[in-house]
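Heads up, the thing below is written out as structure tokens.
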Amino acid sequence: MRAIRLTGPVSPDELIVTDVPIPDVRPGWVRIRVMAFGVNESEVTSRRGESSPDFTFPRILGIEAVGIVDATGDGVHLDLGQKVFTMMGGLGRSIDGAYAEYTVVDARNVIPFTSDLPWETLGALPEMLQTAHGSITTGLALQAGQNILIHGGTSAVGLSAIAVAHHLGATVISTTRNPARFDLLKQVGADYAVLDDDSFTDNINEVAPEGLDAVLELINAPALPKMLSLVRVGGTVCFTGALAGEWTIPNSPFNIPNGTRLTSYGGNATNLPAASLQHYLGAIAAGTFKTVISKVHSGLDEVRTAHRALERNDAPGRHVVLLATM
């Protein structure tokens with residue numbers, strides 16, 4: 001099969017497609033014919049050789065994929081040809097991932113689904129939808145009628161979280177540092193778009209004078225004290241990501257305001273139940289759940305282009321690599 005297999009850190013131009021053996025399936029595991037996948041920031045980090053110790057070379061990158069079941073090991077009850085999502089579980093980090101025509105994964109990290117959506121739309125979803133859904137449900141336990149601030153709304157996870165929270169029936173407030181992206185945030189489902197500048201706190205207090213029910217923090221850990229100051233008694237802040245690369249708070253510990261809650265989310269495929277995934281796919285097909293795709297790249301040879309675009313951060317939304325159209 002064709003794949004991008006790295007033996008050490010490389011530049012985007014060195015993401016070269018080569019021929020490697022099709023991986024064998026083993027008991028409890030599933031071989032998937034990869035149809036499409038999204039390109040993630042963590043894969044850029046891994047390609048540079050800057051990942052945490054759970055990542056090792058040599059490696060085929062790619063922490064998520066959509067495709068069809070090609071083979072199953074003993075004990076796996078999935079039909080050949082079944083459409084599936086897969087993500088996390090060491091994929092592309094401690095085991096070979098999705099930058100390939102086939103990948104083999106633990107069946108526990110496989111979510112079956114039915115949909116006639118195009119593969120490029122499906123390929124944009126697995127990791128971002130899992131993270132957004134898990135943050136909103138597991139991390140924040142958000143309810144319809146509550147309000148939520150999404151700090152970092154134009155990120156891929158942020159855009160997905162806006163759509164999830166809006167679809168749930170929450171009032172969504174989202175931040176951006178670029179006022180030209182206000183319209184995009186509202187198209188995805190934000191009720192209010194707020195500029196992340198020196199007037200940020202005053203603007204949030206004007207929108208939610210009694211305090212926020214929930215905050216999803218996607219920018220950095222040092223922002224957490226400010227976010228906690230904005231929630232009401234009983235409100236929750238969930239720390240899911242650090243787009244700015246700051247995962248710790250200087251001079252910690254810090255005081256959590258009385259009666260507020262701080263949680264985190266870093267889940268996996270099991271946090272996106274098949275029924276929830278099927279519900280979201282139906283909403284996307286009906287046009288009531290919005291996804292943002294920056295660009296669709298055709299074939300493994302275009303992975304390098306996707307990496308360069310992700311590094312430039314030239315447009316919001318997902319970069320998707322499409323391998324097949326059947």
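These numbers were taken from a predicted model, which means no experiment stands behind them.
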**Request:** Determine whether I284 and T291 make a side-chain contact, defined as any pair of heavy atoms from C-beta on separated by less than 4.5 Å.
**Result:** yes

ask   = Does a side chain donor of either D54 or S52 reach within less than 3.5 Å of an acceptor in the other side chain?
value = yes

*Please assess H133 against Y280 for the test ring-ring contact (aromatic ring centres under 6.0 Å, His included), listing each intermediate value before the final yes or no.*
CA-CA 10 Å; H133 174 84; Y280 288 130; 5.5 Å; yes

> Has the side chain of R318 got a donor or acceptor atom that lies under 3.5 Å from a matching backbone atom of V39?
Replying inline: yes

All heavy atoms of G97 vs all of T103, minimum pair found to be O-OG1, 3.2 Å

Separation between CZ (R26) and CG (D24), nearest 0.5 Å, reads 10.0 Å

| query | Would you find more than 12 non-hydrogen atoms of other residues, nucleotides or ligands less than 6.0 Å from E50 atom CD? | reply | yes

In this structure, are over 12 heavy atoms from other groups packed under 6.0 Å from D13 atom CG?
yes

Exercise. Does any donor atom in the side chain of E14 or S11 lie under 3.5 Å from an acceptor atom in the other side chain?
Worked result: yes

dist I68:CD1 -> I32:CD1 (nearest 0.5 Å) comes out at 10.0 Å

key: Heavy atoms from other residues, nucleotides or ligands near CD of E311 exceed 12 (cutoff 6.0 Å)   = yes

Worksheet item: If we ignore angles and hydrogens, is there a donor and acceptor under 3.5 Å between the side chains of T45 and S51?
Response: no

Fill in: Pair F37-Y99, ring-ring contact (aromatic ring centres under 6.0 Å, His included): steps then yes or no
CA-CA 8 Å; F37 56 84; Y99 290 13; 5.0 Å; yes

Taking every heavy atom of L159 against every heavy atom of V188, the minimum-distance pair comes out as O-CG1, 3.3 Å

For the pair D70 and R31, find out whether any cationic side-chain nitrogen is under 4.0 Å from an anionic carboxylate oxygen.
yes

message = Within the 3.5 Å criterion, strictly below it, is a donor on E127 or T131 matched to an acceptor on the partner's side chain?
response = yes

Stepwise salt bridge (Lys or Arg N to Asp or Glu O under 4.0 Å) check, R2 with D301: CA-CA 10 Å; R2 302 178 79 236; D301 292 305; 3.2 Å; yes

Do other residues, nucleotides or ligands put more than 12 heavy atoms under 6.0 Å from the CZ atom of R108? no

The salt bridge (Lys or Arg N to Asp or Glu O under 4.0 Å) partners of D197 (sequence neighbours excluded) come to none

| task | Examine H167 together with H279 and report whether their ring centres are nearer than 6.0 Å. | result | yes

Do we see a donor-acceptor contact under 3.5 Å between the side chains of S42 and N40? no

request  = Look only at the side chain of E120 and the backbone of V296, and say whether a donor-acceptor pair between them is shorter than 3.5 Å.
outcome  = no

